[in-house]
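For reference, the structure is listed below as structure tokens.
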Amino acid sequence: MVIVTLQRNKCIGCNYCVEMAPNQFQMSKKDGKTVLLHANEKKGFFTLKSKDHTILEACENASKACPVNIISVKIS
């Protein structure tokens with residue numbers, strides 16, 4: 001299981017995550033911040049749990065590229 005977590009309220013809208021993992025992230029036209037697709041929100045944290053391990057590399061690259069370090073990727 002790949003678990004991706006986004007702390008959206010701290011997003012600065014740089015778009016790096018979308019460039020690295022366009023199938024998991026997109027920019028909101030409403031506020032210019034990133035959206036983690038198919039995620040559940042709880043207390044400001046958006047979490048995606050996926051059995052698809054093919055997303056791991058792209059999500060890790062997005063996490064590394066994020067200048068404000070608001071994306072975490074774990075495997076369980």
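Atom CD of Q7 is separated from atom CG of L36 by 13.0 Å, given to the nearest 0.5 angstrom. Atom NZ of K10 and atom SG of C66 lie 11.0 Å apart (nearest 0.5 Å). We find the CG-CG distance between L37 and N23 to be 8.5 Å, quoted to the nearest 0.5 Å.
Between T5 and F45 the shortest heavy-atom distance is CG2-CD2, 3.8 Å. The minimum heavy-atom distance between M20 and A58, with the atom names listed, is O-CB, 3.6 Å. When all heavy atoms of V73 and V2 are compared, the pair lying nearest together is CG1-CG1, 4.2 Å. The minimum heavy-atom distance between Q24 and C59, with the atom names listed, is CG-SG, 3.7 Å.
Without hydrogens or angle criteria, E41 side chain to G44 main chain gives a donor-acceptor distance under 3.5 Å.
Two different hydrophobic clusters hold Y16 and F25 under the rule that ILVMFWY side chains link at heavy-atom gaps under 4.5 Å. Placement of V35 and L6 in two distinct hydrophobic clusters is found when ILVMFWY residues are connected by side-chain heavy-atom separations under 4.5 Å, directly or transitively. I71 and V18 fall within the same hydrophobic cluster, where Ile, Leu, Val, Met, Phe, Trp and Tyr residues are linked whenever their side-chain heavy atoms come under 4.5 Å apart, directly or through other members. Put simply, V4 and I75 are part of the same group of oily side chains (I, L, V, M, F, W, Y) that touch within less than 4.5 Å, one to the next.
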Report the C-alpha separation of K42 and T47 in whole Å, then their side-chain angles, then the decisive distance to 0.1 Å, and conclude whether the side chain to side chain contact (heavy atoms under 4.5 Å, CB included) test is met.
CA-CA 8 Å; K42 187 173 184 180; T47 304; over 6 Å; no
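E19 CD: more than 12 foreign heavy atoms inside a 6.0 Å radius.
Note on residues 61-76: no pairs pass side chain to side chain donor-acceptor pair (under 3.5 Å), not counting sequence neighbours. Evaluation of the side chain to side chain donor-acceptor pair (under 3.5 Å) test over residues 26-38, restricted to residues two or more places apart or in two chains, returns R8-D31, S28-D31.
Under 3.5 Å, the side chains of D52 and T54 contain a donor-acceptor pair of N or O atoms.
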